[in-house]
Engineer: 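Pasting a structure here, questions to come.
Along the sequence shown, residues are numbered consecutively beginning with 1.
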Amino acid sequence: QEQLVESGGGSVQSGGSLRLSCAASVHTANLHCMGWFRQDPGKEREGVAAIDSAGRTNYADSVKGRFTISQDNAKNTLYLQMNVLKPEDTAMYYCAAGLSPVSWWSRLLQAAYNYWGQGTQVTVSS
């Protein structure tokens, strides 16, 4: 089955940067979409960014202009470059993969994805 392993999380000061990586056990070129979600304790998991097989991207309003999602199909790896981090970005970040076509308007919804990684913690201090 599809396996996703996140890495790159850690603690950083406000205004700093981190790059998250998600290694997939299958060719990412065969996936219709991949995404990053985050969840802070006591809150609902929210979609952060998504990218489809054509390279089209979607971002949550809260991260537009600061985060960039990308993928390297040769390495079967998904990335999330996070710049100008804020304390509100503190959360467990999860990588997700979708095996079926997903409408653009649903790509930041949990239901669009079939497989999930175990998460990597991002903590932003002020």
Engineer: Taking salt bridge (charged side-chain N to carboxylate O under 4.0 Å, His left out) as the test, write out the residues that go with Arg19, two or more places apart.
Structural biologist: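 Expected list: none.
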Engineer: Closer than 3.5 angstrom, by distance alone: can the side chain of Glu6 be matched with the main-chain N or O of Cys22 as a donor-acceptor pair?
Structural biologist: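 Pair absent, no side-chain N/O of Glu6 close to backbone of Cys22.
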Engineer: Could you walk me through whether Glu88 and Val124 pass side-chain contact (heavy atoms from CB on, under 4.5 Å), step by step?
Structural biologist: CA-CA 8 Å; Glu88 65 193 75; Val124 184; over 6 Å; no
Engineer: Under 4.5 Å between side-chain heavy atoms, counting indirect links through other Ile/Leu/Val/Met/Phe/Trp/Tyr residues: same cluster for Leu78 and Met82 or not?
Structural biologist: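 Yes, because Leu78 and Met82 connect within a single hydrophobic cluster, where side-chain heavy atoms sit under 4.5 Å apart.
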Engineer: Are Met34 and Leu4 side-chain neighbours, meaning at least one heavy-atom pair lies under 4.5 Å?
Structural biologist: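 Yes, at least one pair of side-chain atoms sits under 4.5 Å.
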Engineer: Could you state the interatomic distance from CE (Met92) to OG1 (Thr123), rounded to the nearest 0.5 Å?
Structural biologist: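 Taking CE in Met92 and OG1 in Thr123, the distance rounds to 8.5 Å.
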Engineer: Aromatic contact between Phe37 and Trp116, with the criterion being ring centroids under 6.0 Å apart: yes or no?
Structural biologist: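 Phe37 vs Trp116: aromatic centres under 6.0 Å.
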Engineer: So do the side chains of Tyr59 and Leu108 get within less than 4.5 Å of each other, counting heavy atoms only?
Structural biologist: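 Not touching, per the 4.5 Å side-chain cut-off.
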Engineer: Between OG of Ser21 and CD of Gln71, what distance do you get to the nearest 0.5 Å?
Structural biologist: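 The OG atom of Ser21 sits 13.0 Å away from the CD atom of Gln71.
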Engineer: Measuring only between side-chain heavy atoms, which start at C-beta, is Ser62 closer than 4.5 Å to Arg38?
Structural biologist: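 Yes, their side chains come closer than 4.5 Å.
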Engineer: OG1 of Thr120 to CD of Gln118: how many Å apart, nearest 0.5 Å?
Structural biologist: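 Answer rounded to 0.5 Å: 11.5 Å.
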Engineer: Rounded at 0.5 Å granularity, tell me how far OG in Ser14 sits from CG in Leu85.
Structural biologist: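 Answer for the OG-CG pair, Ser14 versus Leu85, is 8.0 Å.
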Engineer: Below 4.0 angstrom, N of the basic side chain to O of the carboxylate: do Asp61 and Lys64 qualify?
Structural biologist: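 The answer is yes: the pair qualifies as a salt bridge.
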Engineer: If Ile, Leu, Val, Met, Phe, Trp and Tyr residues are connected whenever their side-chain heavy atoms lie under 4.5 Å apart, and connections chain through other members, are Ile69 and Leu18 in the same group?
Structural biologist: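 Yes.
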Engineer: Do Val122 and Leu20 have side chains that approach each other closer than 4.5 Å (heavy atoms only, starting at C-beta)?
Structural biologist: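 The answer is yes, as the side chains (C-beta and beyond) meet within the 4.5 Å cut-off.
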Engineer: When hydrophobic residues are tied together by side-chain contacts of less than 4.5 Å, even through go-betweens, does Tyr115 share a cluster with Tyr93?
Structural biologist: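 Yes.
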Engineer: Quick one: do Tyr113 and Trp36 end up in the same hydrophobic cluster if we chain Ile, Leu, Val, Met, Phe, Trp and Tyr together by side-chain heavy atoms under 4.5 Å apart?
Structural biologist: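 No; Trp36 is not reachable from Tyr113 via cluster members.
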Engineer: Quick check: is Val48 connected to Val12 through a chain of hydrophobic side chains (ILVMFWY, heavy atoms under 4.5 Å apart)?
Structural biologist: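 Both belong to a single hydrophobic cluster.
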Engineer: Applying side-chain hydrogen bond (donor to acceptor under 3.5 Å, both in side chains) as the test, list every pair that has at least one member in residues 96-107; sequence neighbours left out.
Structural biologist: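 Output for this query lists Asp52-Arg107.
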Engineer: Measuring only between side-chain heavy atoms, which start at C-beta, is Leu99 closer than 4.5 Å to Leu31?
Structural biologist: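 Answer yes - side chains close enough.
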